[in-house]
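Following: one structure in structure tokens, then a few remarks.
Proteins come first, then strands; the chains are lettered A, B, ... in the order of their sequence lines, and each starts at number 1.
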Amino acid sequence: MKIERPRGTRDFLPDEIRKRRAIETVMRKIAESYGYGEIATPVFEHLELFTTKSGEGIVKEIYAFRDKSGRELALRPELTAPVMRLFVNECSVMPRPLRFYYFANCFRYERPQKGRYREFWQFGVELIGSSSHLADAEVISLAYRILNELGLDFELHIGHVGVLRYLLRHLEEEKAAKIMRLIDKRDTDGLTVYLDEIGAPHELADRVFSLIDLSGGREVLGDASKIVKFDTTYMEKLCDVLDSLEINYTINLGTVRGLDYYTGVVFEAYAKHGLGAEKQICGGGSYRLAHLFGGEDIQSTGFALGFDRIAEICDLTTPEKPLVAVASIGFEKEACKLADSLRRHGICAVTDVMERSLKRQLSFANDVNARFAVIVGKREIESGKYTLKDMETGESMQLEFEELLDYFRSSGLCP
RNA sequence: GCCUGGAUAGGGUAGAGGUUAUCCUCUGGGACUGUGGAUCCCAGGAGCCGGGUUCGAAUCCCGGUCCAGGCCCCA
């Protein structure tokens, strides 16, 4: 009986993993260059952690289960809540701000489609403890640098949920939240219908629509403040920093979040091509969550990158390490020993474990793209010189062990 | 939860209610017991699962599973 992979999961072969590692390495390198330290949290948490953050409704989109003692647990569907829990549990007296990053698999029980899986990876950062525009600027620039370094063609949209919240402040909370969700989805028809349904004044509807239509450089802040009277100072200061860092962005006040704990700046990045309906590759913003998990009411800013979507459109990878195949003719033990010595010098070496003919061993070396083959047989043992065969040119030569190493050094196989 | 299209060896495919399911690739071995890539030979390996129609189903019908894509959702 053949057992298939569970729905929405993937297997990764070495080529794919090398690519993913290369991308991951860039992300780590940049996050660390900003002074962020890596953290890890459990793959499963108490279900309550996620329902507290996002509401009971998410249970149907989560891998939730009871353990043998009846505890309600869930595979993590994202990392922001676990990181905040970790902060409240372990870090509440550490010097502020805290700078953390993570790279982790997450699980959601959803219908798979392009760029969307039931097990997927997120790379993200959280900057905990600051409510300054400088924190937003840092996190946005960190995301921007990563996407840039990966050579992606993307658009960065920045908004501020406070503007719409302020405009809708006289509506009941529930209605305002629904409006935010419709705007988040960019469902203008639905929004028109809903505003009509709840009997919102035309004047309010007009202002909502003109506000979410605003999109462009920082000058739209001025236009926005004519529609809704709000203080643009915070956003102006943020733009000042981003401009000085030469970050390209679009101010889009229709970039919002449906959830209450987003308090200020929100941002998203979209891939310009290569992905279908699921083209958002980054989402972030500033939020207040710690107090929901029993900590102090503190502001944080963070983002998460959709690692799998990025891997799909990014062509970065690292080349395979050159390989030496040690072939033997009746001297398998000596071949193992030689391979072992080569490995100690940083060379990747493989030996024959199929007990095949020399011909087949070389054929295999060719199949796995070995750069060189070294032959160990009666002649080599008697003369103390190994036969080195260059698999590209086909030439071979006789070398002692030290000469062999020198040759590999000069060919760049080892330091 | 909804819609569309799919599923034949590890990968890619052909055919089609009726003898032993086609071809390419692949894997193992050999021709060739001290030198890879070529060629030839031999071997291996398949109709998603369950039910129905039928003398007979991989083929037709129903249900399920899974895949691709689109909705819903997207923390």
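Residues satisfying the side-chain hydrogen bond (donor to acceptor under 3.5 Å, both in side chains) criterion with A:Asp308, sequence neighbours excluded, are A:Arg10, A:Arg20. For A:Tyr109, the ring pair (Phe, Tyr, Trp, His ring centres under 6.0 Å) partners are A:Tyr63, not counting sequence neighbours. The ring pair (Phe, Tyr, Trp, His ring centres under 6.0 Å) test applied to A:Tyr262 returns no partner, not counting sequence neighbours. Contacts of A:Asp15 classified as side-chain contact (heavy atoms from CB on, under 4.5 Å), with partners at least two apart in sequence or in another chain: A:Arg18.
Using a cutoff of 4.0 Å between basic side-chain nitrogens and carboxylate oxygens, A:Glu16 and A:Lys19 are not scored as salt-bridged. Classification of A:Lys114 and A:Glu312 as a salt-bridged pair holds, one side-chain N sitting under 4.0 Å from a carboxylate O.
Nucleic acid contact class of A:Gly8 (heavy atoms, under 4.0 Å, all strands): sugar-phosphate only. In this structure, A:Arg76 reaches neither bases nor backbone, as no heavy-atom distance under 4.0 Å exists between it and the strands shown.
Here the P atom of nucleotide B:A75 and the CZ atom of A:Phe267 are 13 Å apart, to the nearest Å. In this structure, A:Leu305 places its CG atom 15 Å from P of B:A75, rounding to the nearest Å. Taking atom CZ of residue A:Arg118 and atom C1' of nucleotide B:C73, one finds them 13 Å apart after rounding to whole Å. Put simply, OH on A:Tyr261 is 7 Å from P on B:A75, counting in whole angstrom units. Counting to the nearest Å, the C1' atom of B:G28 and the CE atom of A:Met354 are 7 Å from each other. Following rounding to the nearest Å, A:Asp11 (CG) and B:C67 (P) show an atom-to-atom distance of 12 Å. Atom P of nucleotide B:G1 and atom OH of A:Tyr109 are separated by 7 Å, given to the nearest angstrom. One interatomic measurement links the two molecules: CZ of A:Arg356 to C1' of B:C32, which rounds to 16 Å at whole-angstrom precision.
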Indicate every side-chain donor-acceptor pair of residues 38-59 of chain A with a distance under 3.5 Å to a residue at least two apart or in another chain.
from, atom 1, to, atom 2, distance (Å)
A:Glu38, OE1, A:Arg28, NH1, 2.6
A:Glu38, OE2, A:Arg28, NH1, 3.1
A:Glu38, OE2, A:Arg28, NH2, 3.4
A:Glu45, OE1, A:Arg85, NE, 2.8
A:Glu45, OE2, A:Arg85, NE, 3.3
A:Glu45, OE2, A:Arg85, NH2, 3.0
A:Thr51, OG1, A:Glu48, O, 3.2
A:Thr52, OG1, A:Glu48, O, 2.6
A:Lys53, NZ, A:Glu78, OE1, 3.2
A:Lys53, NZ, A:Glu78, OE2, 3.2
A:Lys53, NZ, A:Tyr261, OH, 3.0

For residues 264-272 of chain A, which side-chain N or O atoms pair as donor and acceptor with protein atoms under 3.5 Å away, sequence neighbours left out?
from, atom 1, to, atom 2, distance (Å)
A:Glu268, OE1, A:Tyr270, OH, 2.3
A:Glu268, OE2, A:Arg257, NH2, 3.1

For a quick test of your reading: what N or O donor-acceptor pairs under 3.5 Å do the side chains of residues 380-391 of chain A make, sequence neighbours left out?
from, atom 1, to, atom 2, distance (Å)
A:Glu380, OE1, A:Gly377, N, 2.9
A:Glu380, OE2, A:Thr387, OG1, 2.4
A:Ser383, OG, A:Arg379, O, 3.0
A:Ser383, OG, A:Lys385, N, 3.2
A:Thr387, OG1, A:Gln398, OE1, 3.1
A:Lys389, NZ, A:Gly394, O, 3.3
A:Asp390, OD1, A:Arg371, NH1, 2.9
A:Asp390, OD1, A:Glu392, N, 2.7
A:Asp390, OD1, A:Thr393, N, 3.2
A:Asp390, OD2, A:Arg371, NH1, 3.4

When the side chains of residues 359-370 of chain A are checked against the rest of the protein, which donor-acceptor pairs come out under 3.5 Å, sequence neighbours left out?
from, atom 1, to, atom 2, distance (Å)
A:Gln361, OE1, A:Ser328, N, 2.9
A:Gln361, NE2, A:Ser328, O, 2.8
A:Gln361, NE2, A:Arg356, O, 2.9

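Its glycosidic angle being more than 90° from 0, B:G12 falls on the anti side.
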Short N/O separations, protein against nucleotides 34-45 of chain B, under 3.5 angstrom:
from, atom 1, to, atom 2, distance (Å)
B:G34, O6, A:Lys378, N, 3.0
B:G34, O6, A:Arg379, N, 2.8
B:G34, N1, A:Glu380, OE1, 2.8
B:G34, N1, A:Glu380, OE2, 3.4
B:G34, N2, A:Glu380, OE1, 3.4
B:G34, N2, A:Glu380, OE2, 2.4
B:U35, O2, A:Lys389, NZ, 3.2
B:G36, OP1, A:Lys359, NZ, 2.7
B:G36, N7, A:Lys389, NZ, 3.3
B:G36, O6, A:Gly394, N, 3.2
B:G36, N1, A:Met391, O, 2.4
B:G36, N2, A:Asn366, OD1, 2.4
B:G36, N2, A:Met391, O, 2.9
B:G36, N3, A:Asn366, OD1, 3.1
B:G37, O4', A:Asn366, ND2, 3.2

Measure all distances between protein nitrogen or oxygen atoms and nitrogen or oxygen atoms of nucleotides 63-65 of chain B, and list the pairs falling under 3.5 Å.
none

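The aromatic ring centres of A:Phe100 and A:Phe87 sit 6.0 Å or more apart.
Rounded to whole Å, the C1' atom of B:C26 lies 11 Å from the corresponding atom of B:G12. The C1' atoms of B:G50 and B:G10 are separated by 26 Å, rounded to the nearest whole Å.
Looking at which nucleotide of RNA chain B each of A:Thr9 and A:Ser54 is closest to, the 5′-most match is held by A:Thr9.
Applying the salt bridge (Lys or Arg N to Asp or Glu O under 4.0 Å) definition to pairs two or more places apart or across chains, none involves residues 322-339 of chain A.
Here A:Arg5 does not reach the OP1 or OP2 of B:C67: none of its side-chain N or O atoms lies under 4.0 Å away. For A:Gln113, no side-chain nitrogen or oxygen approaches OP1 or OP2 of B:G69 to under 4.0 Å.
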- Note on the structure: For RNA chain B, the dot-bracket notation using Watson-Crick and G-U wobble pairs below 3.5 Å, [ ] for pseudoknot-type crossings and | for other-strand pairs, is (((((((..(((.....[....)))((((((.......))))))...(((((..]....))))))))))))....
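Comparing atom distances between the A:Arg111 side chain and each of B:A75, B:U4, B:G29 picks out B:U4 as nearest.
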